[in-house]
Amino acid sequence: MLQIFYDSQDFFLLKELEKSGPKRGVISQSVKDVVQSLVDDDLVFKDKIGTSVYFWSLPSCAGNQLRNIHRKLDSDLQGSKKRYAELVEQCNTLKKGREESDEREEALDELKAIEAKYNELKDEVGQYAENDPAIFEAMKKAIEVAHASANRWTDNIFTLRQWCSNNFPQAKEQLDHLYNEVGITDDFDYLELPAVSPVCPVEDQMPEGNL
């Protein structure tokens, strides 16, 4: 398709390119997509004049495009080389003072021991998370909210049962059967919130020898 433009160095309508494309081995149905891809790559230019869209490309345009691409790639390459040199220098700087030695090995072993002890203490603290006063208070409040919600719905159910009894007294037996099916039995009642003992601080639960 580019050769069509280069040989003629003229302006074309799309329908003209669709006629010339097959002569260059590009089937007519693909000409539009091929030309658009060339436009996207800035190898072919297009402009609307009146109601018609014209396409054109000159060998010099392609040369300029390739030269621009070359300059960009060359600039990227130089930037990458500079960054590589900086990283190499930084790596060499970081290596100073870290040469293999008995002191270094001893320090690394000590660091590993400290990390192992830290993880051990972290796991031990996690075992007492359930007794965290803040977590306990949050759970307590959540229980109170759930309890209030449950009793509010219980109150709604009692109100609905009373309304049904008042408005449909003749259906008492059917209503009772319906209540039993959905779990509203004779022992259905408001929930009582059990008393919850406060949690002692963790240090109060640990033997004196561990303090």
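- Under a cut-off of 6.0 angstrom, the local environment of CD in E106 is sparse, with at most 12 non-hydrogen atoms contributed by other residues, nucleotides or ligands.
- Heavy atoms only, all atoms of each residue included: G21 and M1 are closest at CA-SD, 4.0 Å.
- Counting non-hydrogen atoms of neighbouring residues, nucleotides and ligands closer than 6.0 angstrom, the CD atom of Q78 exceeds 12 such neighbours.
- Atom CG of L2 and atom CG of L43 lie 5.5 Å apart (nearest 0.5 Å).
- When all heavy atoms of V53 and L13 are compared, the pair lying nearest together is O-CD2, 3.4 Å.
- The two residues S57 and F5 make their nearest non-hydrogen contact at O-CB, 3.5 Å.
- The heavy-atom pair separating F188 from G183 by the smallest distance is CD1-O, 4.4 Å.
- Contact between F45 and D42 at its shortest, heavy atoms only, is CZ-O, 3.8 Å.
- With hydrogens and angles disregarded, no donor-acceptor distance shorter than 3.5 Å links the side chain of D74 to the backbone of H70.
- Between E86 and R83 there is a salt bridge, with a side-chain nitrogen of the basic residue lying less than 4.0 Å from a carboxylate oxygen of the acidic one.
- The hydrophobic clustering, which links ILVMFWY residues whose side-chain heavy atoms are closer than 4.5 Å, places L191 and L160 apart.
- Atom CD of E16 and atom CG of D10 lie 8.0 Å apart (nearest 0.5 Å).
- Under 3.5 Å, the side chains of Q36 and D40 contain a donor-acceptor pair of N or O atoms.
- K46 places none of its side-chain heavy atoms less than 4.5 Å from the side chain of V35.
- Note: Q90 CD to N92 CG = 10.5 Å, rounded to the nearest 0.5 Å.
- Between Y54 and F11, the shortest heavy-atom contact is CD2-CB, 4.1 Å.
- To the nearest 0.5 Å, the span separating CG on D123 from OH on Y118 amounts to 10.0 Å.
- One hydrophobic cluster, built from ILVMFWY side chains closer than 4.5 Å, holds both W56 and I49.
- Between the side chain of S37 and the main chain of V34, a donor-acceptor pair closer than 3.5 Å is present.
- Counting heavy atoms from C-beta on, the side chains of I4 and F12 come closer than 4.5 Å.
- Crowding of Q3 atom CD: a count of heavy atoms from other residues, nucleotides or ligands under 6.0 Å exceeding 12.
- Put simply, CG on L175 and CG on N180 are 11.0 Å apart, with the number rounded to the nearest 0.5 Å.
- Applying the side-chain hydrogen bond (donor to acceptor under 3.5 Å, both in side chains) test between H177 and each of E173, Q174, E181 identifies E181 as the sole match.
- Proximity of a side-chain donor or acceptor of S75 to a complementary backbone N or O of R71 within less than 3.5 Å is not detected.
- A continuous path of Ile, Leu, Val, Met, Phe, Trp and Tyr side chains, each step under 4.5 Å between heavy atoms, connects Y190 with V182, placing both in one hydrophobic cluster.
- The distance from atom CG of N151 to atom CG of D189, rounded to the nearest 0.5 Å, is 8.5 Å.
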Residues E115, N119; criterion side chain to side chain donor-acceptor pair (under 3.5 Å); working and verdict: CA-CA 6 Å; E115 289 177 343; N119 291 329; over 6 Å; no
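- Both Y6 and V31 are part of a single hydrophobic cluster, where members link through side-chain heavy atoms under 4.5 Å apart.
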